[in-house]
Each structure stands twice: as C-alpha cells, then as structure tokens.
Protein chains: 2
Amino acid sequence: MPDTSIPPPRIAKPLFGTVGVVGFGLMGSSFARAVRRAGAARSVIACDKSAAARRKIADLKLARAVVKSPELMGPVDLVMLATPLGEYESVFRKLSPALKKGTIVSDVGSVKAPVLGLKKLLPEPGLLVPGHPIAGTERSGPAAGFGELFTGRYCLLTPDADTDRGAVRRVGRLWRALGARVEEMSAEEHDRILSFTSHLPHAAAYALVHALRDIRGAGAEGDARYAAGGLRDFTRIAASDPVMWRDVFLANREQVLARLDEYAGVLGRLREAIDRGDGAAMERIFAETRGYRRSVERAGQAALDAPIVKGKK
Amino acid sequence: MPDTSIPPPRIAKPLFGTVGVVGFGLMGSSFARAVRRAGAARSVIACDKSAAARRKIADLKLARAVVKSPELMGPVDLVMLATPLGEYESVFRKLSPALKKGTIVSDVGSVKAPVLGLKKLLPEPGLLVPGHPIAGTERSGPAAGFGELFTGRYCLLTPDADTDRGAVRRVGRLWRALGARVEEMSAEEHDRILSFTSHLPHAAAYALVHALRDIRGAGAEGDARYAAGGLRDFTRIAASDPVMWRDVFLANREQVLARLDEYAGVLGRLREAIDRGDGAAMERIFAETRGYRRSVERAGQAALDAPIVKGKK
C-alpha cells in the first residue's frame with residue numbers, strides 16, 4: 001500500500017538517534033517506514049536472519065545498514081524487536097552482550113507476559129518496554145510493510161513495576177509520533193483481552209478454512225469461486241503469517257485454550273437452536289452481535305487494512 | 001456506496017417490460033438499481049411490507065410504483081423475490097392468483113432446494129427460476145443497496161428438469177446484463193457448496209461475537225477499542241441481517257448442522273495441538289490455509305464490498 005495520504009508533520013528533533021529493528025517483516029518494515037516518514041529517528045539499522053529479506057531491504061533502501069544477527073547492529077539507542085515470539089529468547093541472548101548502556105529495548109509482539117519474563121536476560125532489565133501495536137494485514141515480508149499501518153491504531157505498552165518510567169515515556173512518544181494511540185495496561189490484562197479480540201478470531205478462522213480443505217479436499221479449490229463475503233474474510237485472516245501465529249498460540253496457551261472452550265460451548269448452543277428450529281433464539285443472538293458491530297464502528301476500529309482517518313466513516 | 005465506475009453499456013432493447021421486486025432490502029434494492037442502470041427493463045415496481053421501507057423507496061425514486069403486498073403489483077413480466085426465505089410461501093400464495101400468464105418468477109435467496117419445493121404453488125411451476133447472486137454486505141434496507149453489487153460476482157441458477165429452458169435463458173441473460181457471471185447447478189449441489197462457503201462462516205462469526213459478549217459482558221464494548229484485524233472481520237460478518245440469516249439456517253438445516261459438526265471437530269484438533277504445544281502441527285495447518293487464500297485470490301473473489309474490476313488486484 002503506497003503512502004498516499006499527507007504525511008504527519010515531521011518531528012522537529014528526532015526522538016532517538018539510531019533505531020535497530022530486529023525482524024523486518026510486515027511489522028518491522030512498517031515500523032521502519034513509519035519512523036523515517038515521521039523523522040522520528042536519525043537512522044534505522046535493519047536486522048533479519050533471512051538473506052532474501054536482507055536483499056529486499058537493501059533493494060528498497062529501507063535502512064542505513066542491514067545485518068544478519070542482532071549483535072552486529074552496533075550501538076543503537078532503541079531496539080525494536082519484531083520477530084516471531086519464538087525467536088525472542090535467542091535474540092535477547094545475542095543482543096545482551098552488545099547493548100550499550102541506556103539502550104531501550106521494546107517490541108511489537110502479540111503476547112506480552114512471556115516478553116516481560118525475558119527481561120532478566122538484559123543487562124538493564126528496567127529498560128525493557130514491551131509494546132503491541134494492534135495493527136496488521138495478512139501479508140508478510142519486508143515489501144508488505146507500509147508507513148501508515150499504525151495510523152489511528154492502538155499501541156498498548158505493558159511495563160511492570162520495575163520498568164523505567166522515562167523509557168516508557170520515550171517509547172510512548174515514539175508511537176504517538178507514528179500516529180498510534182498509546183495506552184498502558186498490565187501484561188496479564190493485555191494477554192487476556194487480546195485472547196478475545198485477536199487470538200480466538202484467528203484460531204476460529206484457521207480452523208474454519210482448514211475444515212473446508214479437510215472435508216472438501218480438492219473440491220475446496222473450486223468452491224473458492226463461490227466464496228461469499230463470509231468465507232472471503234475468513235480466508236484473509238487464515239492467510240496470516242503461520243510462524244507468527246504458531247508462536248502466539250504457544251505463548252498465550254492458557255488464555256487461548258480457555259477462549260476455545262468458551263467458543264465451543266457457544267457454537268454448541270447455536271447448533272442446538274438450529275437443530276430444534278428455534279428461530280427466536282437465533283434472531284436474538286444475531287441482533288445482539290449486530291449491536292456489537294456498531295460499537296466497534298463507534299470505537300473507530302471498523303476499517304480493515306486502510307488507515308483510520310478521523311471524521312471519515 | 002455510490003455508483004462511481006463507468007456504467008456497463010445499456011442494453012439496446014430492455015430484456016423485460018416490467019419487473020416486480022418483492023422485498024426491497026439490500027438485495028432487492030441493489031437489483032432494482034442495477035436493472036435501471038443497465039436499462040435491462042422498461043420499469044420496476046417495488047413491493048415491501050414495511051411502511052418505512054416504502055417511504056424510503058419513494059424518497060430515493062427507486063421504482064415507478066411502490067406497493068405493500070405482491071398481489072398489488074399489477075401485471076409484471078418478471079417477479080424477483082428478495083425477502084427473507086421465511087416469507088416466500090406467503091408471498092407465493094398471495095402472488096399466484098395475480099400473476100399474468102407467462103410471468104417468470106425468480107429469487108435471490110441463499111438456499112435453493114426449499115424454493116424449488118414451492119413451485120407447486122405457482123400457476124405455471126415451470127416458470128420458477130431459482131437464483132442466487134453471491135454478493136452482499138452487512139448493511140440492510142433499501143438505502144443500503146447499490147447498482148454495482150453484482151459486478152463480477154457469481155449468480156447461480158438452480159432450475160430442475162421441469163423448468164422452462166427459455167425462462168432460464170432469459171433470467172441468465174438479465175444477470176449477465178447486470179455484470180454477474182452466471183452458472184447453473186442443481187439446488188442440492190448449491191445448498192451443499194454454500195453451506196461451506198457462506199453458511200458455516202456466518203454461523204462461526206455469529207457464535208464468536210456472541211461468545212465475546214456472553215463472556216466479557218459489558219467489558220466487551222470496551223474491548224472493541226482493541227479489535228484487531230481478526231475480530232473486525234468477524235463483527236462485520238456477524239452484523240449481517242438477523243432475520244435473513246435465521247431463515248437461511250432454518251432452510252438449510254441439515255447441511256448447516258453437518259458443517260457445524262465438522263467445524264467443531266477441527267476446532268477440537270487445533271485445541272489439542274495448542275494444548276500439547278505441537279508447533280509443527282499448527283504451522284502445517286496455517287501454511288495450508290494461507291495457500292487456500294491464494295486460491296480465492298486467483299479466483300478473483302478476494303475483494304470485500306468493492307466491485308471486482310478485471311485486471312485490478
């Protein structure tokens with residue numbers, strides 16, 4: 001998606017000197033683009049373990065330098081971690097000996113409690129500011145990123161009692177400069193809320209599209225021609241990055257299992273209503289879910305990939 | 001959505017004289033707009049039992065005349081039925097004594113076998129041509145319609161052995177004039193395929209959004225702020241017309257129950273993979289579902305509400 005809208009006013013003075021972005025997929029590359037677009041840092045160093053990604057980053061001129069491992073980034077003022085969650089521990093171990101004093105470490109991961117659990121691996125644990133910009137598309141890789149991805153979206157920061165408040169403020173200021181709305185909550189609350197609003201929907205969509213393939217077999221490909229609105233949306237969600245989502249479900253396992261059990265219960269009740277021909281019960285449920293949609297729209301979070309523009313619906 | 005694209009060439013000679021559209025919601029009103037836009041009929045008569053809808057139709061000048069019951073439409077050459085499925089039988093009974101000889105009766109309903117079952121209520125059963133344009137949005141009512149809704153979408157016709165072939169050809173020509181791709185299949189095949197591509201996804205989305213409301217209670221409204229991509233799509237699907245969908249599930253009960261059982265089975269297997277920490281199994285499923293999305297995109301059915309324009313992705 002090209003950056004066609006009017007860019008935000010550039011920051012008078014960059015908020016950080018050098019920012020090192022580790023993992024340059026959709027999120028990392030969008031973050032880097034947004035930082036450059038806003039003039040929020042003096043320079044960006046890219047780190048990605050994939051040679052193909054590194055070539056793409058160089059081709060697209062998305063960073064001042066491109067390295068293959070985090071300890072090779074040289075001194076940076078902020079590390080933004082954007083790899084799948086399963087790589088965090090290895091990145092933290094490589095990064096730690098190479099960090100200069102005062103470097104803030106933050107991330108964009110979709111589960112937050114396990115990230116806080118890794119702070120002991122850092123030389124200055126108080127400078128770890130876990131974050132989660134709630135934004136994304138089903139595309140992956142450095143070329144899929146775009147600088148407006150975070151515009152109007154929430155970015156949740158989940159520090160704990162030991163986190164340096166100055167570091168939290170600086171990371172919050174940075175995300176606001178990229179157009180995000182910043183809020184703070186505990187890592188536990190984050191992981192519970194996101195299990196409802198993000199992890200369960202992704203699990204449900206993956207299971208549904210898998211069920212189609214499983215049952216229809218080769219016929220499923222042909223059925224795609226008759227994909228009505230519902231299935232189209234599901235297939236989009238179920239096209240999200242497989243490794244990223246594997247790690248999300250593993251990292252937030254307890255909450256996700258609880259949501260799946262609750263979901264199975266409600267599906268069973270809907271099944272019963274259909275089985276006994278209880279139209280009134282169905283209509284009640286469907287009218288209520290329509291009401292919930294209206295609240296999502298009122299919250300200004302209804303648009304899909306498009307950036308949210310205030311005052312437009 | 002305004003009709004901003006270049007309209008299709010107007011038909012040299014209208015395909016029908018007067019078309020009566022019964023049920024003037026999203027589908028009926030989109031059909032009427034598309035017919036006028038293409039010049040596919042000389043005039044449109046609107047029928048809707050809701051006084052508010054009739055006022056809206058008159059305000060928007062969507063029809064030459066507006067009546068409240070199908071027997072009041074006067075002689076028409078084609079009846080297009082676009083009410084919820086639960087009203088069909090009553091409409092057929094009112095309509096039958098008023099139909100002039102040779103009037104073709106068609107519909108846009110999402111389930112087809114029960115529609116064919118009603119043909120005995122018509123004076124000329126062979127002139128019933130059941131149809132289903134696979135298109136829609138989560139909006140309802142006459143004002144929600146737009147003339148491009150069917151552009152590039154499939155419209156499935158499900159005649160049986162007794163259906164007049166000339167009537168099938170005329171209805172097919174009409175839908176093609178509105179921009180749709182027309183295919184024929186049996187009502188049973190239609191109801192089975194659509195249970196996969198449309199009915200199950202809607203049931204899954206309704207259940208998921210209901211589960212959020214059910215479990216989070218008042219908190220669910222607040223969570224909407226943190227609605228990530230996945231939930232946003234689900235809430236859109238679960239905002240579809242409650243009465244229409246109640247009737248779809250009732251009319252296609254056996255197929256929908258079978259799909260719900262299969263879905264529950266796959267959800268259970270995904271739950272087990274997460275529970276035992278089986279990342280490889282998850283990654284396999286998620287990579288496969290991503291592949292399925294690509295096939296939907298190749299079939300040109302990936303866009304959401306927007307009309308499909310050939311050569312654009």
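Keep in mind that this is a model prediction, so the values were computed, not measured. Lettering follows sequence order; numbering is per chain, from 1.
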- Note on the structure: For A/R271, the salt bridge (Lys or Arg N to Asp or Glu O under 4.0 Å) test, sequence neighbours excluded, returns A/D275, B/D261
- B/R269, part contacting chain A, at a heavy-atom distance under 4.5 Å: side chain
- Query: Once you round to the nearest 0.5 Å, how far does CG of A/L231 lie from NE2 of B/H199?
  - Reply: 11.5 Å
- Message: Looking only at heavy atoms and a cut-off of under 4.5 Å, which of A/L208, A/V209, A/V256 has the most pairs with chain B?
- Response: A/L208
- Message: Need one label for B/A264: side chain, backbone, both or neither, based on atoms under 4.5 Å from any heavy atom in chain A.
- Response: neither
- With distance as the sole test, does B/Y263 use its side chain to make a donor-acceptor pair with the main-chain N or O of A/L267 at under 3.5 Å? no
- Message: Using 0.5 Å steps for rounding, measure from the CZ atom of A/R213 to the CD1 atom of B/I285.
- Response: 12.5 Å
- Heavy-atom proximity to chain B below 4.5 Å, by part of A/R284: neither
- For A/R290, enumerate each residue passing the side chain to side chain donor-acceptor pair (under 3.5 Å) test, keeping only those at least two apart in sequence or located in another chain. B/S140
- State, with a plain yes or no, whether a side-chain heavy atom of A/I274 is found less than 4.5 Å away from one of B/L260. yes
- Item | Leading residue by heavy atom contact count with chain A [cutoff under 4.5 Å; candidates B/L257, B/L156, B/L270, B/I237] | B/L257
- Residue B/S240 versus chain A: region with a heavy atom under 4.5 Å: backbone
- Answer with side chain, backbone, both or neither: which region of B/I193 has an atom nearer than 4.5 Å to a non-hydrogen atom of chain A? side chain
- Message: Please verify the inter-ring angle class for B/F286 with A/Y206; under 30° counts as parallel, over 60° as perpendicular, anything in between as tilted.
- Response: parallel
- Can you pull the salt bridge (charged side-chain N to carboxylate O under 4.0 Å, His left out) pairs that have at least one residue in residues 237-252 of chain A, sequence neighbours excluded? A/R246-B/E283
- Between B/D233 and A/F234, does a side-chain contact (heavy atoms from CB on, under 4.5 Å) hold up when you go through it step by step? CA-CA 8 Å; B/D233 294 340; A/F234 275 84; over 6 Å; no
- Counting only N and O atoms by type, is there a donor-acceptor contact under 3.5 Å from the side chain of B/T289 to the main-chain atoms of A/A239? no
- Task: Take the angle between the ring planes of B/Y154 and A/Y226 and call it parallel below 30°, perpendicular above 60°, tilted in between.
- Result: perpendicular
- Correct closest heavy-atom pair for B/V266 and A/A207 would be CG1-O, 3.4 Å
- chain A contact via B/L200 - which portion, at a heavy-atom distance below 4.5 Å: both
- B/E138 and A/R294 have their tightest heavy-atom pair at O-NH2, 4.4 Å
- Item | Residue, of B/A238, B/A281, B/G265, that accumulates the most heavy atom pairs under 4.5 Å with chain A | B/A238
- Item | Pairs of heavy atoms under 4.5 Å with chain A: top-ranked of B/R253, B/R259, B/M282 | B/R253
- Message: I need the contact set between residues 182-191 of chain A and chain B: heavy-atom distance under 4.5 Å, sorted by residue number.
- Response: A/E183, A/M185
- So, the part of B/R192 with a heavy atom under 4.5 Å from chain A: the answer is side chain
